[in-house]
Amino acid sequence: MKKVIYLDNAATTRTAPEVVDAMLPYFTEYYGNASTIYELGGSSKKAMNEARETIAGILGAQENEIYFTAGGSESDNWALKATAEAYRAKGNHIITSKIEHHAVLHTCEYLEKNGFEVTYVDVDENGKIKLGELEKAIRPTTILISVMFANNEIGTIQPIREIGEIAHKHGILFHTDAVQAFGQLPINVDEYHIDMLSASGHKLNGPKGIGFLYIRKGVKIRSFIHGGAQERKRRAGTENIPGIVGFGVAAKRAAETMQERTAKEIALRDHLIDRVLKEVPYTRLNGDRTDRLPNNANFSFQFIEGESMLIMLDMEGICGSSGSACTSGSLDPSHVLLAIGLPHEIAHGSLRLTLSEETTLEDIDFVVDTIKGIVGRLRDMSPLYEDFVKKQAAK
Ligand SMILES: *Cc1c(COP(=O)(O)O)cnc(C)c1O
């Protein structure tokens, strides 16, 4: 395989070798069901408890507030659907933002079809939620505010503490989808007034198909999967012990290396952003310049199609992502890019690059040089660009 420069870490990450090493014995050696009483099952249970303890420690939570799930999407579904059901007597109104992950947005749409009302609060041009609008949206019937910690497309970090304060001031539960933030940013559930928090293993060099939902003690929440007594009877099913072990190791590793790793990523990210904005004309950065995930860069290049760019980057061994049509199977560009006010034609020319601890300065320089070439070639073929150049010349 030719050298790949992988800059799509918001989509998924490489499972760290020590994570895989830690998982392997739980397939072949310690394969016991954690619900059994013999020693073999006890090994599984012990490993699971260790992972739960690690994760709870990172968040400043209690062990019995961490519920393992099959990933971020399940955690988001659970938080929203079960809260809606459990608090139905108090009210039927939910507040979220326009730029949530589809795991939240599509769950909200489902709830709307089932008698709930949802307010989708606007964001500003940098993707920050409008706090005034959020507070104004609160009704006596509001039962839940769900706002993501950091956005997966444009990297913008939300004022989570302020949102939590607003929620609690009004006696409303606060859920945050922290799938992108967990492992990249320090999070303390008490400091941020978080009642529920979703995270996923494969976004922080852990395995795929494992996640957790933090549920604060005292929150009334219904079982999501009915069956056995696993996860305090709230999420039945034989536990995914290898996945849980891997997630625990990945979370510990991410917490321990956070400061150094993210400082390095921020330096490379800023180098990438600075070079692209300086060297590629008619380009903009999407998302907040400073309140953004350490590894996220998202650009819009005028007069070109993001999809064409991705294919040309792939030919050079570079993996990125675009907020435009084809990948999502719809003709509309990303709901996030539209929510920050980009016109369709600009949103279509978008490119998201998300770094990892393995990304080097050489990688970034190669990527910027490649982008310059590709943007140049695509614009040379673009009738829109030709028109634009002619108009400029006529001025
Ligand atoms: C990836 C992602 C999810 C979904 O997580 P899965 O584990 O893939 O189901 C949810 N929210 C955000 C913000 C994400 O980036």
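Heavy atoms only: backbone and side chains are in, while hydrogens, waters and symmetry mates are out. Just so it is clear, the structure is predicted and the values come from calculations on it, not from any experiment.
- Annotation: cation-pi pair Arg235/Phe224 absent, no NZ/CZ under 6.0 Å from the ring centroid and within 45° of its normal.
- The environment of CD in Glu39 is sparse: at most 12 heavy-atom neighbours from other residues, nucleotides or ligands sit within 6.0 Å.
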Chi angles and distances behind the side-chain contact (heavy atoms from CB on, under 4.5 Å) call for Thr359, Tyr6: CA-CA 8 Å; Thr359 311; Tyr6 184 74; over 6 Å; no
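- The 12-atom threshold is exceeded at OH of Tyr192, counting heavy atoms of other residues, nucleotides or ligands nearer than 6.0 Å.
- Contact of the Phe149 side chain with the Gln180 side chain is not registered, since no non-hydrogen atoms from C-beta on lie closer than 4.5 Å.
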Output, in order, the C-alpha distance, side-chain angles, deciding distance and verdict of side-chain contact (heavy atoms from CB on, under 4.5 Å) for His93 and Ile95. CA-CA 7 Å; His93 182 234; Ile95 301 173; 3.5 Å; yes
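- For Phe212 and Phe247, the gap between ring centers is short of 6.0 Å.
- Residues Tyr110 and Leu80 form no side-chain contact, since every pair of their non-hydrogen atoms from C-beta on lies 4.5 Å or further apart.
- Contact record, Gly171 with Lys90: O-NZ, 3.1 Å, taken as the closest heavy-atom pair.
- For residues 6-23, the set of pairs meeting the salt bridge (Lys or Arg N to Asp or Glu O under 4.0 Å) definition, not counting sequence neighbours, comprises Asp8-Arg352, Arg14-Glu358, Glu18-Arg253.
- Rounding to the nearest 0.5 Å places CD of Gln184 at 8.5 Å from CG of Asn296.
- Residues Thr69 and Ser75 bring a donor and an acceptor atom of their side chains to less than 3.5 Å of each other.
- Closest non-hydrogen pair, Glu100 versus Ser97, comes out as OE2-OG, 2.7 Å.
- The salt bridge (Lys or Arg N to Asp or Glu O under 4.0 Å) pairs that include a residue from residues 182-193 are Arg161-Glu191, Asp190-Arg216, where partners are two or more places apart or lie in different chains.
- Summarising the geometry of Lys128 relative to Ile157, their closest heavy-atom pair is CE-O, 3.4 Å, with the distance given to 0.1 Å.
- The closest side-chain heavy-atom distance from Ile215 to Leu197 is not below 4.5 Å.
- Judged by the 6.0 Å distance and 45° axis criteria, Arg379 is not positioned over the aromatic ring of Phe301.
- Counting only N and O atoms by type, the side chains of Glu153 and Ser334 include a donor and acceptor under 3.5 Å apart.
- In terms of heavy atoms, Asp195 sits closest to Ile172 at OD2-O, 4.1 Å.
- Looking only at atom types and distance, the side chain of Thr156 has no donor-acceptor partner in the side chain of Asn126 under 3.5 Å away.
- Around atom CD of Glu260, no more than 12 heavy atoms belonging to other residues, nucleotides or ligands sit under 6.0 Å away.
- Ionic pairing of Lys169 and Glu135 is present here: one or more N-O contacts between side-chain nitrogen and carboxylate oxygen are shorter than 4.0 angstrom.
- Between Ile160 and Phe174, some side-chain heavy-atom pair lies under the 4.5 Å cut-off.
- Between Lys390 and Glu386, at least one side-chain nitrogen of the basic residue sits less than 4.0 Å from a carboxylate oxygen of the acidic one, meeting the salt-bridge criterion.
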Residues His271, Asp365; criterion side-chain hydrogen bond (donor to acceptor under 3.5 Å, both in side chains); working and verdict: CA-CA 9 Å; His271 178 69; Asp365 281 328; 2.8 Å; yes
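- Contact check on Glu231 versus Arg52 returns a salt bridge, with a Lys/Arg side-chain nitrogen under 4.0 Å from an Asp/Glu carboxylate oxygen.
- Electrostatic pairing of Asp76 and Lys81 does not count as a salt bridge here, judged by no charged N lying under 4.0 Å from a carboxylate O.
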Can you check side-chain hydrogen bond (donor to acceptor under 3.5 Å, both in side chains) on Asp363 and Thr360, steps first, answer last? CA-CA 5 Å; Asp363 291 342; Thr360 65; 3.2 Å; yes
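- Ionic pairing of Glu65 and Lys217 is not present here: no N-O contact between side-chain nitrogen and carboxylate oxygen is shorter than 4.0 angstrom.
- His106 and Asn77 form no side-chain donor-acceptor contact under 3.5 Å, judged by distance and modelled atom types alone.
- Because its NZ or CZ atom is not both nearer than 6.0 Å to the ring centre of Phe182 and within 45° of the ring axis, Lys203 does not count as a cation-pi partner of that residue.
- Ion pairing between a basic and an acidic side chain is recognised when a charged N comes within 4.0 Å of a carboxylate O; Asp270 and Arg289 show such pairing.
- Note that CD1 of Ile364 is 5.5 Å distant from CG of Leu7, once rounded to the nearest 0.5 Å.
- The CD1 atom of Ile138 sits 10.0 Å away from atom OG1 of Thr119, with the distance rounded to the nearest 0.5 Å.
- Here OG1 of Thr28 is found 11.0 Å from OH of Tyr26. Values are rounded to the nearest 0.5 Å.
- In this structure, the side chain of Glu256 does not engage the main chain of Ala251 through any donor-acceptor pair within 3.5 Å.
- The side-chain heavy atoms of Ile346 and Tyr282, taken from C-beta on, include no pair separated by under 4.5 Å.
- Contact check on Glu265 versus Arg269 returns no salt bridge, with no Lys/Arg side-chain nitrogen under 4.0 Å from an Asp/Glu carboxylate oxygen.
- Residues Gly72 and Ser200 approach most closely at N-CB, 3.6 Å, considering heavy atoms.
- Between Arg139 and Glu117 there is a salt bridge, since at least one side-chain N of the basic residue sits less than 4.0 Å from a carboxylate O of the acidic one.
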Using the rule given for side-chain contact (heavy atoms from CB on, under 4.5 Å), can you reason through Thr290 versus Asp288, listing the C-alpha separation, both sets of side-chain angles and the distance that settles it, and then say yes or no? CA-CA 6 Å; Thr290 47; Asp288 199 273; 3.4 Å; yes
Assess whether side-chain hydrogen bond (donor to acceptor under 3.5 Å, both in side chains) is satisfied between Ser350 and Ser322, documenting all intermediate values. CA-CA 5 Å; Ser350 297; Ser322 89; over 6 Å; no
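- The number of heavy atoms from other shown groups lying within 6.0 Å of NZ (Lys46) does not exceed 12.
- The two atoms that bring Gly320 and Leu353 nearest to each other are CA-CD2, 4.0 Å, heavy atoms only.
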Please report the C-alpha distance between Tyr385 and Leu378 in whole Å, then the side-chain angles of each, then the deciding distance to 0.1 Å, and finally whether the side-chain contact (heavy atoms from CB on, under 4.5 Å) criterion is met. CA-CA 9 Å; Tyr385 187 60; Leu378 286 173; over 6 Å; no
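- Atom OG of residue Ser44 and atom CG of residue Asn240 lie 11.0 Å apart, to the nearest 0.5 angstrom.
- For the residue pair Thr142 and His170, no side-chain donor N or O sits within less than 3.5 Å of a side-chain acceptor on the partner.
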Might you work through the salt bridge (Lys or Arg N to Asp or Glu O under 4.0 Å) test for Asp124 and Lys130, ending with a clear yes or no? CA-CA 7 Å; Asp124 68 15; Lys130 294 181 175 165; over 6 Å; no
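- Proximity of Asp369 to Val367: side-chain heavy atoms (C-beta onward) are nowhere separated by under 4.5 Å.
- With hydrogens and angles ignored, the 3.5 Å screen pairs a side-chain donor or acceptor of Ser223 with a backbone N or O of Lys233.
- Atom OG1 of Thr283 and atom NZ of Lys372 lie 11.5 Å apart (nearest 0.5 Å).
- No more than 12 heavy atoms of other residues, nucleotides or ligands shown are found within 6.0 angstrom of NZ on Lys45.
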Could you go step by step and tell me if Asn286 and Ser300 meet the side-chain hydrogen bond (donor to acceptor under 3.5 Å, both in side chains) rule? CA-CA 7 Å; Asn286 299 315; Ser300 290; 2.9 Å; yes
